[in-house]
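Per chain, numbering begins at 1; letters A, B, ... match sequence-line order. The figures here come from the full heavy-atom set of this structure, side chains too, leaving out hydrogens, waters and symmetry mates.
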Amino acid sequence: MSDLVLDGVTVDGPQGRIVHPTSLTLRPGVPLALLGETGSGKSLLMQAVMGTLPPRLSAGGSVRLDGTDLLRLDAAARRALWGRRIAMLPQEPWAALDPLMRAEAQVAEVPRFLNRAPWAEARRRAGEALAALGLARGERRYPFQLSGGMCQRVALAATRVAGAGVLLADEPTKGLDTALRDGVTALLRAEAEAGRILLAITHDVAVARGLGGEVGVMLEGEVVESGPAAAVLAAPRHAYTRRLLAAEPAAWAPWPRAETGGVLVEGRGLAKRFGAQRLFEGVDVALRAGGRVALFGPSGSGKSTLGNLLLGLLRPDAGEVRRAPGLVAPFVQKLYQDPVAAFAPRRTVGQAIEAVVARHRLDARATTRWMEALRLSPGLLARRPDEVSGGELQRFALLRAMLPGPRVLFADEPTSRLDPVTQQEVMDRLRDALAASGAALLLVTHDRDIAGKAAKDVLALGG
Amino acid sequence: MTAARIGWALLAAIAAFGILGPLLAGDPLRQDLSATLQGPGAVHPLGTDQFGRDMLARLTHATRLSLGFAAVAAVAAAVPGIALGLIAAWRGGIVERALVSLADAVMALPGLLLVVLFAAFAPGEFLPLYLGLSLALWVEYFRLTRGVAASLLARPAVEAARLFGFGPWHVLRHHLLPELAPMLVTLLAFSAAAAVTAISALAFVGIGLRPPTPEWGSMMTELLPYHAEAPLQVLLPGLLLALTVLGLQLVAGARR
């Protein structure tokens with residue numbers, strides 16, 4: 001297997017150049033992680049290599065693999081390489097797998113249709129591929145019977161079973177909790193160590209560190225820094241790389257201690273199940289006035305459900321929740337994982353905020369004060385939720401939640417969809433807003449570091 | 001979008017014919033037995049029927065009747081359907097199950113049969129026709145509204161609105177209706193087409209409206225025996241019916 005050489009690769013769109021000339025060499029056995037925020041062009045660069053750019057974008061420069069310039073091939077010739085030579089790992093494998101097919105059958109389809117192997121041989125190869133990833137016992141199961149990590153392995157097996165020596169992974173750890181993230185990183189690292197070429201796109205510095213190999217940092221369509229991961233991450237030269245490293249939750253300063261008062265919400269012996277699945281049992285938790293409690297756990301451990309029980313949005317199957325008198329809407333507020341879904345889609349952000357001000361006859365100057373405190377520009381008020389960036393919209397959601405003067409704020413994974421730098425900004429503003437208002441915080445997160453920095457009381461669920 | 005434009009143009013032309021025509025054309029009921037089944041001419045631009053009545057006058061009145069009927073029937077089905085759909089999605093539980101069972105029961109009956117049943121009680125009257133069509137067509141509105149509203153109500157935005165102390169009207173106005181409206185407009189066009197077809201089909205088999213009321217379906221029936229002498233007269237009501245339904249379908253289809 002030869003190197004994959006990107007020489008002066010560009011991506012141009014109707015509004016001009018999006019990715020500036022980029023040259024990278026990917027060697028078998030040495031993973032390359034491209035770090036960067038949303039909109040930095042890292043996904044487009046990968047799509048240019050794969051040949052899946054959206055119709056109105058075009059790639060320039062050259063991408064050479066085994067003496068062929070991939071960019072000079074026509075669409076049919078490039079498609080012929082997919083799966084056989086170059087393969088792309090799906091972003092959220094549980095969504096990419098067919099829910100009605102057993103694991104082995106999904107993997108066997110690939111050699112059957114890409115390599116035209118007879119079914120018997122395709123099954124044998126699928127079985128081997130799954131066994132090699134430690135999934136021999138899961139091959140007869142359906143995706144819903146597999147854990148997230150197992151789904152990731154099935155997807156990986158399907159991705160490379162047809163013999164692709166080049167693996168492209170676009171945000172392979174997006175939305176994963178810490179344990180699952182590290183598992184996927186180790187899996188990908190093993191792929192590279194087996195002699196494959198691996199290009200991974202991520203905004204998570206921990207993934208780049210875990211992969212070892214090389215790292216490239218992208219900013220506004222340019223690779224601003226690259227080199228061996230150990231060297232770049234230990235001694236970053238570019239200002240943006242330094243910011244990226246400082247934004248890692250592990251590097252944050254712990255939040256200052258808060259003055260706490262009496263118990264606002266208390267849950268005792270709480271249990272909840274959904275159908276046959278038991279989420280948790282016998283959970284005790286108490287949130288004091290002005291206090292901060294973090295619920296931490298992997299996806300599906302029931303931490304959001306526990307938060308909703310405490311807020312009274314759901315009822316527990318067993319146990320009881322006691323809330324201080326008067327602790328009802330609007331004095332309990334909530335921040336959501338996806339801020340876009342928390343606003344009515346066809347109304348502007350300003351209208352949404354204005355409605356809350358009018359409903360509770362609030363002083364309109366409160367909005368202005370919060371806008372300044374949260375560093376939001378007034379020009380954004382005229383936009384709709386989907387026209388505002390994720391970090392800004394989450395800060396607007398925080399502003400809106402703060403308006404009625406809540407005593408408890410339930411933040412349900414408020415930053416898990418944001419880039420690290422944006423995540424830090426939103427969490428810093430959340431910290432300030434809580435300090436200014438004296439509201440108590442119930443934080444749900446899958447990131448152990450964030451839980452530890454924000455709260456002294458960390459309740460770990462599941463696993 | 002061209003299909004929608006053609007649809008709108010068709011509907012506009014037919015509506016203009018139905019609204020302005022009756023003002024200009026003569027009496028659709030005046031008979032002239034000395035001039036029956038005449039071809040197009042200076043006095044009668046589209047000829048006359050078997051009783052010497054002016055075809056143009058009868059067609060414009062029939063168009064007005066069908067369009068008005070379609071509009072009222074579609075609204076008569078939409079209002080209860082949307083209201084019950086919203087109630088089912090909002091309340092859930094036993095209310096929702098009861099309404100869904102009711103809708104399923106209505107779906108099990110052929111729609112036209114319901115209309116015939118009602119029309120039999122008071123032949124020639126409009127009210128039973130509206131009642132029958134409303135009963136047959138509300139289910140579509142109910143099912144669409146309930147399904148879409150249920151998924152909208154499960155959105156974080158609605159939970160957030162409740163946490164801010166907003167009531168059902170706020171949720172309805174800002175979260176449900178803006179999303180539902182485009183789909184309901186599409187459905188309105190479809191059920192208007194169904195109503196236009198239904199009234200003509202009923203009149204064609206002699207149920208519903210009675211002679212001498214000018215109506216496309218009954219005109220076709222009355223003129224059918226004279227198809228050899230007056231092919232144009234038989235063709236015209238059917239053509240108008242087909243164009244109206246086509247216009248409504250094009251408009252509805254493009255909005256999906």
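- Contact of A:Val328 with chain B is not made at all, since no heavy-atom distance falls under 4.5 Å.
- A donor-acceptor pair under 3.5 Å links the side-chain atoms of B:Ser151 to the main chain of B:Val148, judged by distance alone.
- At a 4.5 Å heavy-atom cutoff, A:Ala352 makes no contact with chain B through either its backbone or its side chain.
- Residue contact with chain B, scored on non-hydrogen atoms closer than 4.5 Å, is absent for A:Leu335.
- Cation-pi geometry between A:Arg400 and A:Phe343 is met: the NZ or CZ atom falls under 6.0 Å from the ring centre, inside 45° of the normal.
- Within the 3.5 Å criterion, the main-chain N or O of B:Ser218 finds a donor-acceptor partner in the side chain of B:Glu215.
- With chain B as the partner, the residue from A:Ala341, A:Pro330, A:Ala344, A:Ala355 showing the most heavy-atom pairs under 4.5 Å is A:Ala341.
- Using a 4.0 Å cut-off between charged nitrogen and carboxylate oxygen, A:Arg365 and A:Asp363 count as a salt-bridge pair.
- With no hydrogens or angles considered, no side-chain donor-acceptor pair links B:Arg155 and B:His175 at under 3.5 Å.
- Ranked by heavy-atom pairs under 4.5 Å with chain B, the first of A:Pro385, A:Ala397, A:Pro345 is A:Pro345.
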